[in-house]
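When reading the values below, keep in mind they use all heavy atoms of this one structure, side chains included, and skip hydrogens, waters and symmetry mates. Order of the sequence lines fixes the chain letters, A, B, ..., with proteins taken first and strands second; residue numbering starts at 1 for each chain.
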Amino acid sequence: MPLLGKQTWQFHSQPVLLSSAAVVGPKEGAGPLGAEFDACEKDPYVGQESWEKAERRLFEMACQMAVQKAGIAESAVDVLYGGDLLNQIISANFAARTLSVPFLGLFGACSTSMESLALAAMTVDAGFANYALAATSSHNSTAERQFRYPTEYGGQKPPSSQCTVTGAGAGLVAKTGSGPRLTHATIGKVVDMGITSPFEMGPAMAPAAVDTITQHFQDTGRTPEDYDLIVTGDLARIGHKIATELFEEQGIFLGDKFKDCGILIFDPDQAEVFSGGSGCACCATVTYGHLMKRMAKGELDRILVCATGALLSPLSNQQGESIPCVAHCVAFERGEGQ
Amino acid sequence: MIKQGVQAKQAYKKLAQRHVPKRPVVANVAKAFLVGGTICLIGQFLNQFFITYFGFNEKTAGNPTVAVLIFLATLLTGLGVYDRLGQWAGAGSAVPVTGFANAMASAAIEHRSEGYVLGVGGQMFKVAGPVIVYGVVAAFVVALAKQLLTIM
């Protein structure tokens, strides 16, 4: 049975992440992982006339690069799972118009990277697609203007805020080939522990991440020892500390194996990164750029990536609602031909 | 698994609060005093300048002074400098008239992509609007109170 325990999918055919691509903006390019991304755009507008068009372009670039790397035609993609942070997921929708492949749009906030990858793996595993593409994007300026203030507004942000990553990541899942294998995915429940401040995303999302990862261990019977790295999406420095403490309460000690993409992507000394990165592209670019390269080099054999999403809207927040959060994780295993 | 329920939520809030760094209030106040004071000092110079060289008096010199400050703040917003100053200075650059100019200009720049009518025109007051509304309401209440006091 492909359903393992309560919330985990086991992919018996072990679909392959045939190729992946990560495209980022200037600030991410200047960060510690800058050299590992496939493309670092110097211009935050990416040669477009609006921020929204820029984000869309990044989405398209990531998809096209992933397909190119795999050496298949764009028309061979059987399904694209994609999403982003903007209202009506316009980046994904409009990029899908350009790509012209069968498309299913998703919204899972910053958890979309692993949500889309889990679905792509499931689709390929079940035989509904030979090639399934999973992609997601975010842009600092589109997120700022939708969720917070105009980009040039001089309001002061507290040290607990996070910096939305500009970029896009795409992964192409196939039945066979060489590349990391996708073995499991654990679909998270929506967890809301009552955090209301939109400047405290890490603390809001940490319980969801801990819930999903703990469930993953329970469903699969695995322990932290089975993984070389357990990475969360964008808890950043504060959320990461809280999650570590929550894990300890559950009797799980992760130690140095426990990392966070929001911490990895920026240098704390970079201007205005606050407690770390966030956004759909944070987990997507770090996973598809940095982590997959480390797996290919043989530094990592088995990793668990848990993308975390804060499911708030400016409206729900202004009406005083707390922030519901969700986290989904996917287990990657180093393939044979790698 | 994460425990749910009211008690668990309260316990979690306490845990989270321990990790969330407090805003550095003392440093923020000092920075705000420095930057806010400097902006006001520039205003004072401008004021004196208009009185000395352009024949304004103390009452009328306020208008050109404010106009120059607004112009400078809008220019700095357009050049992408004011938001960085704002992150450092906090209330120091938000409270004076320059902060208001920045709120208007940044919204206008941001929404230019939606056109001049619905974008710039419709969204310009998005951030600054509440200030105007409550400024007028407060002025009305104060004026009413003053009027009532003088009658009595």
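Between the side chains of B/Glu110 and A/Thr151, at least one donor-acceptor pair of N or O atoms lies under 3.5 Å.
Residue A/Glu49: no heavy atom, backbone or side chain, is found under 4.5 Å from chain B. With a threshold of 4.5 angstrom between heavy atoms, A/Glu200 approaches chain B through side-chain atoms but not through N, CA, C or O. For chain B, the nearby part of A/Phe274 is the side chain; its heavy atoms alone come within less than 4.5 Å. In this structure, chain A has a heavy atom under 4.5 Å from the side chain of B/Ser113, while its backbone stays farther away. Contacts between A/Glu144 and chain B at a heavy-atom distance below 4.5 Å are absent for every atom of the residue. Proximity to chain A is absent for every atom of B/Ala94, based on heavy atoms less than 4.5 angstrom apart.
Nearest approach of A/Gly194 to B/Lys13, heavy atoms of both residues: O-CE, 3.1 Å. Contact record, A/Gly154 with B/Asn102: N-OD1, 2.8 Å, taken as the closest heavy-atom pair. The heavy-atom pair separating B/Lys9 from A/Asp192 by the smallest distance is CE-O, 3.0 Å. Of all non-hydrogen atoms in A/Ile238 and B/His19, the two that sit nearest each other are CG2-O, 3.7 Å. In terms of heavy-atom proximity, B/Val20 sits nearest to A/Ser160 at CG1-CB, 3.9 Å. Between B/Ser106 and A/Pro150 the shortest heavy-atom distance is O-CB, 3.5 Å.
Around NZ of A/Lys27, the count of heavy atoms belonging to other residues, nucleotides or ligands within 6.0 Å exceeds 12. Within a 6.0 Å radius of CZ in A/Arg148, more than 12 heavy atoms belonging to other residues, nucleotides or ligands are found. Counting heavy atoms of neighbouring residues, nucleotides and ligands inside a 6.0 Å radius, atom CZ of A/Phe253 exceeds 12 of them.
Heavy-atom pairs under 4.5 Å with chain A were tallied for B/Gly86, B/Gly78, B/Ala11; the largest tally goes to B/Gly86. Most heavy-atom pairs under 4.5 Å with chain A: of the set B/Thr77, B/Val81, B/Leu15, this distinction falls to B/Leu15.
Ion pairing between a basic and an acidic side chain is recognised when a charged N comes within 4.0 Å of a carboxylate O; B/Glu114 and A/Arg145 show such pairing. Here A/Glu245 pairs with B/Arg18 in a salt bridge; the nearest charged N to carboxylate O distance falls below 4.0 Å.
You'll find the side chain of B/Ile2 reaches within 4.5 Å of the side chain of A/Gln250, heavy atoms only. When side chains are defined from C-beta on, A/Tyr149 does not count as touching B/Lys126, because their heavy atoms never get closer than 4.5 Å.
Listed for the B/Asp83 side chain is no donor-acceptor partner under 3.5 Å among the backbone atoms of A/Tyr153. Of the possible donor and acceptor atoms, one in the side chain of A/Gln156 sits under 3.5 Å from a partner among the backbone N and O of B/Gln87.
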